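Comments concern the structure below.
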Amino acid sequence: MLSETPDLRETPELPENPGHLETPGLTETPALSEGSAALVRATLPAVGGALDAISERFYARLFAAHPELLRDLFNRGNQANGAQRQALAGAIAGFATALLDRPGRRPDALLSRIAHKHASLGITRDQYALVHTHLFAAIAEVLGEAVTAEVAAAWGEVYWLMADTLIAAEARLYQEARVADGDVWRPYRVTEVRPLTGDAAAFTVRPDDGGPVPAFRPGQYVSVRVELPDGARQIRQYSLTGTAGDGLGLHFAVKRERGAEGGPHGEVSTHLHDRVRPGDLLRLSAPFGDVTLDAGEGPLLLASAGIGCTPMTGMLRQLVATRSCRPVTVLHADRAPGTHAFRDETAKLAAELGTVRTHFFYETPEGDWPDEHTGRADLRHVELPEGLTAYLCGPLPFMRSLRGQLLDRGVPEERIRYEVFGPDAWQAGV
Ligand SMILES: NC(=O)C1=CN([C@@H]2O[C@H](COP(=O)(O)OP(=O)(O)OC[C@H]3O[C@@H](n4cnc5c(N)ncnc54)[C@H](O)[C@@H]3O)[C@@H](O)[C@H]2O)C=CC1
């Protein structure tokens, strides 16, 4: 639902990504009626200031009425640590502000990312009405009498502008994936689990329903649904890294999510690593995701850090498979060579492509490693050809740092594209 994946590009810090304009379904320009715009503008500070409390009450109400949603749809870890709450607040504030400040201009990037994530979760249109009921009850509960019928109606208009646009976009995505609305799940059998590093493993899975392997664009992800020991069915997204050599399977890679500062480990990544073995069944969604390799011929920068290398691996494989002549710069930053997943594959694919320069940065390198590639990613010694399109994926501070360096070097912001894993903290300003 619309809380699941807010976007960060509507912040001044991270502008829109024009690559998302192609998303199907985003063809209508939502516009707020004049009366509602005035009311939303007047109440934005009050609503904005209370968004965290509203989000908290919203989820409490929603999960009290529908505990199965917390068990089987939402990420329980992100509910527990508050990340989802902050993300929802950021999404609502971002959308309302965009409608007021830039009427007539759709916040496409925000909506596109959410629509793809929703589609990968199998969200259906009836769930928007459910969210509306509990969200508006939460707003009334937190803000009390300040929420007159007119104010509620004006914010209702904001909500339905966003929801209707998302519903239309998601319907188109389901159509493209050739599935009925929300019916995205298929059973897959695990055929191989291959350790990549101490913390990361590559999974190969095959459809178990007799159907073909789905087509996907490099950079796209699938949702993976697992049943945990307590019976909960939890879902996470993982980038596809390729199709199995025999064409009968898909590859994705998973890093163990270690709890920050002694916090709980990621439930799904831990389960996948510790319990899932060849022969086991998983449920996978159809592939979705809007940060995909463009079809152009221009130079590329594929820049990743940590487990952010997964979509880049899929892109590199595609470039090799299509015998691309595009000049490609591969940049990867990691803690050490031993924590760098797909290190050897990346070097091999780069050599096969022949038009690739690689820059691996390690905070703790081994042996005789050049100083300029020691530490965090730094573009000072990286050549950036004219007309470059940059793809970024890694921890948020890494992407912020790279984006800043690229802008300083004159790369236009519309040529900088990036993938965010998990609830997006940038939008919420954290
Ligand atoms: N696109 C996304 O949203 C992604 C998010 N993540 C999230 O980030 C977290 C850590 O991911 P890991 O793979 O364990 O990465 P990590 O913590 O091992 O870091 C990998 C590399 O990122 C770079 N980096 C980290 N912090 C930086 C900073 N402040 N400035 C510049 N560079 C920095 C460093 O070179 C570091 O070696 C996880 O919670 C993961 O879910 C990871 C990959 C992609």
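No experiment lies behind these values; they were computed from the predicted model shown. Position 1 is the first residue of the sequence; numbering continues from there.
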_F361 vs H373, ring pair (Phe, Tyr, Trp, His ring centres under 6.0 Å): CA-CA, chis, key distance, verdict_ = CA-CA 5 Å; F361 292 82; H373 284 155; 4.9 Å; yes
A side-chain contact here means heavy atoms from C-beta on lying under 4.5 Å apart; do [X] and [Y] qualify?
X	Y	value
R376	S401	no
F252	V224	yes
S36	E150	no
V411	Q405	no
F421	P311	yes
T346	C309	no
L302	L331	no
I139	F58	no

Does a side-chain N-to-carboxylate-O contact under 4.0 Å join [X] and [Y]?
X	Y	answer
R76	E267	yes
R256	D274	yes
E419	R113	yes
R326	D294	yes
R57	E141	yes

Can you see whether [X] engages [Y] through a side-chain donor-acceptor pair at a distance of less than 3.5 angstrom?
X	Y	result
H265	T270	no
H332	S304	yes
E372	H381	no
R415	T389	yes
T310	T313	no
S223	Q237	yes
S285	W185	no

So, taking the atom named [atom1] in [X] and the one named [atom2] in [Y], what distance separates them when rounded to the nearest 0.5 Å?
X	Y	atom1	atom2	result
E227	L282	CD	CG	11.5 Å
Q234	H271	CD	NE2	11.0 Å
D164	L161	CG	CG	7.5 Å
T292	Y391	OG1	OH	6.0 Å
L135	W155	CG	CH2	10.0 Å
L319	L300	CG	CG	6.0 Å

*From CA spacing to verdict: side-chain hydrogen bond (donor to acceptor under 3.5 Å, both in side chains), Q318, T322*: CA-CA 6 Å; Q318 163 86 356; T322 56; 5.1 Å; no
Would you confirm whether [X], through its side chain, and [Y], through its main-chain N or O, come within 3.5 Å as a donor-acceptor pair?
X	Y	answer
R417	D290	yes
R317	T241	yes
S269	V254	no
D280	V190	no
T43	A46	no

*Indicate the ring-plane relationship of F360 and Y362, choosing parallel, tilted or perpendicular according to the 30° and 60° boundaries.*
tilted
*For the residue pair Y159 and F136, does the interplanar ring angle fall in the parallel (under 30°), tilted (30 to 60°) or perpendicular (over 60°) class?*
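Aromatic pair Y159/F136 classed perpendicular.
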_Evaluate L316 against E345 for side chain to side chain contact (heavy atoms under 4.5 Å, CB included), listing each step before the verdict._
CA-CA 10 Å; L316 255 187; E345 271 108 324; over 6 Å; no
*How far apart are the C-alpha atoms of F74 and Y59, what are their side-chain angles, what is the distance that settles it, and do they pass the ring pair (Phe, Tyr, Trp, His ring centres under 6.0 Å) test?*
CA-CA 10 Å; F74 283 83; Y59 284 118; 5.7 Å; yes
Grab the two heavy atoms, one from [X] and one from [Y], that are nearest each other, plus how far apart they are.
X	Y	value
V147	L143	CG2-CB, 3.5 Å
H116	F288	O-CB, 3.7 Å
I235	V268	N-CG2, 4.5 Å
R409	V382	NH2-O, 2.8 Å
A171	D181	CA-OD1, 4.3 Å
W160	H132	NE1-CD2, 3.4 Å

*asked:* Can you confirm whether E386 is buried at CD, in the sense that more than 12 heavy atoms of other residues, nucleotides or ligands lie under 6.0 Å from that atom?
replied: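 It does not: E386 CD has 12 such atoms or fewer within range.
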*Does the pair R258 and D199 meet the rule for a salt bridge (Lys or Arg N to Asp or Glu O under 4.0 Å), with working shown?*
CA-CA 9 Å; R258 304 259 180 207; D199 266 354; 2.7 Å; yes
*salt bridge (Lys or Arg N to Asp or Glu O under 4.0 Å) evaluation trace for R283 with D208*: CA-CA 10 Å; R283 293 241 155 209; D208 201 51; over 6 Å; no
_Criterion side chain to side chain contact (heavy atoms under 4.5 Å, CB included) on T364 and T374, from CA distance to verdict_ = CA-CA 7 Å; T364 317; T374 300; over 6 Å; no
*asked:* Evaluate Y221 against F216 for side chain to side chain contact (heavy atoms under 4.5 Å, CB included), listing each step before the verdict.
replied: CA-CA 8 Å; Y221 53 79; F216 68 93; over 6 Å; no
_Using the side-chain contact (heavy atoms from CB on, under 4.5 Å) definition, which of the options L406, L301, L402, L388 pairs with I416?_
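Exactly one option meets the side-chain contact (heavy atoms from CB on, under 4.5 Å) with I416, and it is L406.
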*From CA spacing to verdict: side chain to side chain contact (heavy atoms under 4.5 Å, CB included), V330, H359*: CA-CA 6 Å; V330 172; H359 297 268; over 6 Å; no
*asked:* Using salt bridge (Lys or Arg N to Asp or Glu O under 4.0 Å), reason through R125 and E170 one step at a time and then give a plain yes or no.
replied: CA-CA 9 Å; R125 62 177 64 219; E170 289 155 24; over 6 Å; no
